[in-house]
Structures are given as structure tokens and as C-alpha cells.
2 protein chains.
Amino acid sequence: MVKMTIKDVAKEAGVSTATISRVMNNSGYVSEDIKQQVLEVIRKFNYQPNAIARSLKQEKSRSVGIVLPDMANPYFMKIARTIQHRCFQLGYHLLFIDTEENPEKEREALEFLTEKRVEALILAGTGENRDQIQAISDSGIHVILADRRFSNLKLDTVTEDNIYASKSAIEHLLEKKHTRIGIINGPKTISTARERRQGAIIGLEEAGITPTNEFMFEGDYTRESGIEAIRYFSQLPDRPTAIFSANNEMTFGVYLGLQELGIPLESIEVVSFGNLEFSSLFHHNLSVIMQNPQELGETIGDLLIKRLNGEADSVQNRILMPHLVPSK
Amino acid sequence: MVKMTIKDVAKEAGVSTATISRVMNNSGYVSEDIKQQVLEVIRKFNYQPNAIARSLKQEKSRSVGIVLPDMANPYFMKIARTIQHRCFQLGYHLLFIDTEENPEKEREALEFLTEKRVEALILAGTGENRDQIQAISDSGIHVILADRRFSNLKLDTVTEDNIYASKSAIEHLLEKKHTRIGIINGPKTISTARERRQGAIIGLEEAGITPTNEFMFEGDYTRESGIEAIRYFSQLPDRPTAIFSANNEMTFGVYLGLQELGIPLESIEVVSFGNLEFSSLFHHNLSVIMQNPQELGETIGDLLIKRLNGEADSVQNRILMPHLVPSK
DNA sequence: ATTCTCCATGTTAACGTTACCACATTAATA
DNA sequence: TATTAATGTGGTAACGTTAACATGGAGAAT
């Protein structure tokens, strides 16, 4: 069964396509009689306007791209979900792409999205493709960096205060008399990893402790790299007694690693940047820096609406405050 | 900065738009000289064809809709992620919508997606909107039901054997000498809930036990309803000693509920339909019916490609086999 | 020399909307 | 009554592609 077009409706209702269009969009003048008659035809044939044709004519795709490094990470999905709801309300659709932290895939994704003529782009990037992202912004597409920023790029950002939160994580461990703290971080290309590292170092130095490379493990924000970190730390002569893990997935890996090595999970004090769903059930020594992906999503949503409405405003950089929830 | 069109490229390269189109699509005849010249212009101005115009002309949106009840549930997101990768490879984009199990929202979502002219629709539905879904299929959009089916609708489905798996869950608990088994299920409107119930009942009856309504709690697949189920069961005179929970979120709620009531988590034997990420770290009496969302996604992806390529085939109903992983 | 292919290119009409303009008609105002 | 304004409607040119058709030249086969 082939879809009806506005012409078919016009013929059926005995009016011009212009009138149908006016009825559909509640624009211009249409007499009440004709309006009802047209609506009747639309209802009867279940006519739906072709959004693609409309987009072409109006030069508005009514779509927004969102590029995330990991669609299975609840943190990112909670951000995405909130934004999805907002977009749906606006009649926009979201084009999701999962890059799996792969810069090349990200590059392709960005190209794909610009061909699809998204009006805005929300990006939690790999840290590469700076020029491309800047070019996208320059071409008039609204870019909002989520969670991760680029230094020196004049783009909207909605991020969290990683330095402050990481510093307080370290302070928390120091208060518990730990001095040998293993730090598991993400890739240096990613701003959150750099900032979390920086915060941790500040925390240590303020307590008069010199950070050593031996206790810094550079992972890649995956579960597997959390496991590897534990394998690495466990074979050091002077093992850490506490761990600061820079994201939720790696923290999960930490516990999997401990389990693999037969080390009691509660024997190690852990602070995780980012919540683990089950941490409230967990009686191990796990403290969590609670992020607020929903608020992040809402903040992005608000900004997005502003940008799509063309409400001129200078570059926005919003920073949310995570807070530490100590272990019980 | 305004985007370049094919006409600009044509003018710049001194040829017709048709030639540009032929170069872009590797179709028809173009001399090597001109081809190189055109490619040079394209590169120089970073020309990107407008996918919307192309869609309109070709009457192909190159998009697929996916409607899920819960974007934050890892089970659904793993399905979605797999499909997203497939679609991206094909040059298709996915329009995601999260209905939050709300039938009205689902109705709107389906309407939205048909206006956007998706070529296919992947749906894990609320169980309502049957007519609308059938109409979508009749109108020539490929519909694939994921995880949840509709009886009597002639549509492709990729689901799991809920009856078999639930039966084996009950058998597992019976083997462990539990006879008072609390069953926490989803809404009866959803096929998975009906089937999981049916499987559980078969399991009980085959063991000569008469299922009682007292031990059946109808939740709504949310965490909160798992908590409520525990509150309900805990005030029964003869409490269940074991729980069969029909999805991962409700199982989570079970533990939250036990914790809330101060009941030791390991004092209750639980079987969960669907994995909890952390179950391997968990030393409680938790057995899991392992689903395989990735395989589900791949199966859907394969089917999707077939359908999009128009490879004629009768209605497909694929059923995957989950398996029980007993508690340690 | 004539016909027939194969190449290589250009011309143009769609695809389904909407926005602009033109043209009536009616109502309100001077 | 004449003029203006408000209302209602239709015609049509775009939006940026591509596919069908047309055209013409070069070389091969008759």
C-alpha cells in the first residue's frame, strides 16, 4: 500500500495543496468549513505528511546527532535518555552513534551526521578529531560537548568538576590512613581522564605525598582495563592498599580482577568515579563519587532548546558538581 | 557558512550536476579525467551531498526506528547497540524512542516514526497498539518484534523461549527443596510476562504443587515494583522462602526491598530472569537465567538486512534459548 | 561508406512539501 | 460610494538530489 501525498488529499477534498498545507500547519487563513472538510479527509485516509519532503523544503532536518563512546554504559545512557525525551517533545529525532571510544569511528560518525544534516550535535568525544568538530561548529551546526571537553575550542560544554571531585576522593582515602593509593585512569586524550588525574595529584601533593608513576595505571575506561590494572598492582612489591578508579566500568573491573586473583573484595578500599548500580547493596569498602547524568542531560537539553531556537547567547560552559558518598 | 549544493560543485567543475551525481555514486559512465577533476572540487570545498534531498528523490529514508520500553535497562541497550552498529554499516540511521512502558507514548512514537518514513521498525512493545502496528506493517514498513511478541499478528519476531526458561527456573528452586516460591511478574499485557508466568505454572504443576495467587505478584518490570513485591511477600503469614523474579530490574528491587526490611540478602534463594551485571560478584543465593541480548540484536540485524534488501521470505519467528546459571 | 555499439556528457522532470505571490471576495472605514 | 483592510483560496517555484532520456562522438563491424 502506497502512502498518500498532499496532492491526493487536495484532490480528494477538492481544494489546492496550499490549503491542505495551511490546515496541517495551522498557518494562514482557512475557513472553518474547509478546514473541517480537509481534516475529515486526512482522518479518513490516515494521511501523514512526509517529514523528509518537509525537511527539504524548510531546510530543517529536525534531527540532532548524539555521539557517545559507550552505549552500554548506564552513565551515558541516562544522559541520552533525558535528551531523547526532550527531543521527542520538540518533534526532533535523535541520531545515536556509539563510537566505542574509537576515533576513526567517531570521524565517520561525524561525517555521517553532517550528511544527514543534523541541526545540532551532542558529543562525548574520544579527544581526537578536533578540527573536524570545530569545522562542524563553524558550519553552523550547534555543537554541545557533553561530559568531555576540548581545551581551546570555543564550544558549549556541559561537564562535571572532575578536579575537585577527584581531589576529594583522594582526601577521603588519606583520611582513612591510606598512603599507597593506586590510581586507575582513562586515556590521556580524554579531558575527564586528564582532569581526574590532575585532581588526584593535587590531593596527594597537598598531603605532602609525591605521586609516583608506579601507582598510576592508564586504562581505557573499559571493564577489561580495570582487571588489568589490578593484575598490574597486585604484582608490585609494595601493593596499594586503596584504589581510586576513574570510571564506573573500570571499578567493575577492579572487583572482577580482585575476584580473579582471590583477593577478598573488602580488603581493598575503593573510590569510584561514577556510580555502580549495585553499590548500595555492596558491603565492601566502596565509596562513590556520584555523578548526575540526568541533570547533565537536562542541562544539555535546556541548552539545546536555546540553540535550536536561535536564542543568541555566548558560548556556555556549565559545570556540575558531583559529590562523594562514603562507604558504609 | 552555508552548505554547498551539487549545483555549486557542477559550476565549479564546469560540468553538469548529472556528472557530479555519477561521480558521487559511481554509476554510469564518467571519464577518468573528469572524475578526478570533480573529486578534486569535492575535496577542496568539502562538499557533502544532502542526504535529505537524496532520500526524497529516491523515496528511501535510510532510517530505521527502534522503540524500546526502557533505555536505561542494559538488556535493551545491548540489543540496541548491536543493531545500531549494523545500521551504521549500512548507512542507515536509527531513530530511538524510549516509551517507558507507556502505551500512549508508544502510540505517539509510532506515529512520529511513520511520519519520518522509517523503512523498518524494531519494537519491544507495551502490548497495546496492536492495530496501529499491524497497519504499519501493512503499509509496507518492515516490522520486527524484539523480545516481545503479539499473538495472532503475522509479523517477524525474535524472542526468547520464556516458557522453557521459566519452567527450568522453578525446577531449580524445587530441587533446592523450596516449595513456597514467590513469583514476581511483569504486566499481563506483555507477552514475556504471560509466558514467564505460564512456564512457572507448568513447573509447579509438574511437581504436583498448585500455584496460588497469594504467591503471584504482578509488577511492572521496574525496580520499584520489585521492592513492592518484597514488601507484600514479607507480610504474608507463610512467607515464600524463594523468589522467581521475571526481569533484571525487579530482581534489583528484590534486593533493595530485602535490604530495606533488614532481611539478610542471602537468606532468600532467588532466580532472576535476566542477568544482573554484578551477579558474578554477588555471594548471595542468586541464580540467573542468562539472556543473550547481543545475539538477539544480531539476529534482528540479520533479519533487518534481509528485509531492507527486499529478499522475499515468509514471516520469520526466531526463538533464542536462554540458560540458567545456578548460584554458587 | 554506412550502420551499430559503446562511451561520455547534458537536459530535465520528478520526489512531497511549503512560502510567496496573485487574485478574489467580503467587511470595515472614510 | 469609494477606498482600504481583512480574509480565503489557488498557482507555482523552489528545496537538492537522481533517473530517464536525449545527444553526439569515436571506433568497430558490415
Side-chain angles (χ1 to χ4, degrees), chain A residues 1-39 41-42 45-63 91 112 114-119 139-140, chain B residues 1-39 41-42 45-63 91 112 114-119 139-140:
Chain A
M1 198 183 109
V2 95
K3 274 272 178 187
M4 226 190 185
T5 75
I6 201 172
K7 282 186 193 168
D8 303 322
V9 178
K11 190 172 294 176
E12 200 68 38
V15 294
S16 75
T17 61
T19 298
I20 308 296
S21 177
R22 279 188 282 257
V23 172
M24 296 292 303
N25 300 293
N26 262 312
S27 64
Y29 296 106
V30 189
S31 67
E32 193 56 30
D33 280 7
I34 292 214
K35 183 173 175 182
Q36 288 310 322
Q37 186 181 328
V38 168
L39 286 174
V41 173
I42 287 174
F45 293 90
N46 191 27
Y47 164 69
Q48 288 189 301
N50 183 325
I52 295 174
R54 183 180 276 172
S55 283
L56 180 62
K57 171 64 189 169
Q58 298 189 324
E59 304 184 63
K60 291 208 154 222
S61 64
R62 308 214 161 273
S63 68
F112 182 79
T114 50
E115 284 199 6
K116 300 282 187 176
R117 296 296 189 269
V118 292
E119 295 178 32
S139 79
Chain B
M1 198 183 109
V2 92
K3 275 273 178 186
M4 228 189 184
T5 74
I6 202 173
K7 282 184 193 168
D8 303 322
V9 179
K11 191 172 292 176
E12 199 68 38
V15 295
S16 74
T17 60
T19 300
I20 309 296
S21 177
R22 280 187 280 257
V23 171
M24 295 293 302
N25 300 293
N26 262 311
S27 62
Y29 296 107
V30 189
S31 68
E32 193 55 31
D33 281 6
I34 292 215
K35 184 173 175 183
Q36 289 310 321
Q37 187 180 326
V38 168
L39 287 174
V41 173
I42 288 174
F45 293 91
N46 192 27
Y47 164 70
Q48 289 187 301
N50 182 324
I52 295 174
R54 182 180 278 171
S55 283
L56 179 62
K57 171 63 189 170
Q58 298 188 324
E59 304 184 62
K60 291 207 153 225
S61 65
R62 307 212 161 275
S63 68
F112 182 79
T114 49
E115 283 198 9
K116 299 281 185 177
R117 296 294 189 271
V118 292
E119 295 177 33
S139 79

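Numbered from 1 within each chain, the chains take letters A, B, ... in sequence-line order. Below, each value reflects all heavy atoms present in this structure, side chains not excepted, and no hydrogens, waters or symmetry copies.
DNA chain D lies under 4.0 Å from at least one heavy atom of each of the following residues of residues 27-34 of chain A: A:Y29, A:V30, A:S31, A:I34.
Spacing between atom NZ of B:K60 and atom P of D:dA19 amounts to 11 Å, rounded to whole angstrom units. Protein atom CE of B:M24 is 13 Å distant from nucleotide atom P of D:dA19, rounded to whole Å. Protein atom NZ of A:K11 is 16 Å distant from nucleotide atom C1' of D:dG11, rounded to whole Å. Rounded to a whole Å, the CG atom of B:L56 is 17 Å from the P atom of D:dA14.
Comparing B:S16 and B:E59 against DNA chain C, the residue whose closest nucleotide sits nearer the 5' end is B:S16. Judged by closest nucleotide on DNA chain C, B:V15 is the one of B:V15 and A:I6 placed further toward the 5' end.
For the side chain to side chain contact (heavy atoms under 4.5 Å, CB included) with B:I20, the qualifying choice from B:I6, B:T5, B:D8, B:N25 is B:I6, the only one to do so. A side chain to side chain contact (heavy atoms under 4.5 Å, CB included) with A:V41 holds for exactly one of A:K11, A:Q36, A:E12; it is A:E12.
Taking every heavy atom of both residues into account, A:S55 and B:I52 meet most closely at CB-CG2, 3.9 Å.
Two residues are said to be in side-chain contact when any heavy atoms from C-beta on lie closer than 4.5 Å; A:P49 and A:R54 meet this criterion. Side-chain contact between A:R117 and B:Q48: present, with at least one pair of heavy atoms (C-beta onward) separated by less than 4.5 Å. Between A:R22 and A:V38 the shortest side-chain heavy-atom distance does not fall below 4.5 Å. You'll find the side chain of B:T19 reaches within 4.5 Å of the side chain of B:V30, heavy atoms only.
Once you apply a 4.0 Å limit to the heavy atoms of chain B, the touched nucleotides of DNA chain C run 5' to 3' over C:dC7 to C:dG16.
The distance from atom CD1 of B:I34 to atom CD of B:E32, rounded to the nearest 0.5 Å, is 11.0 Å.
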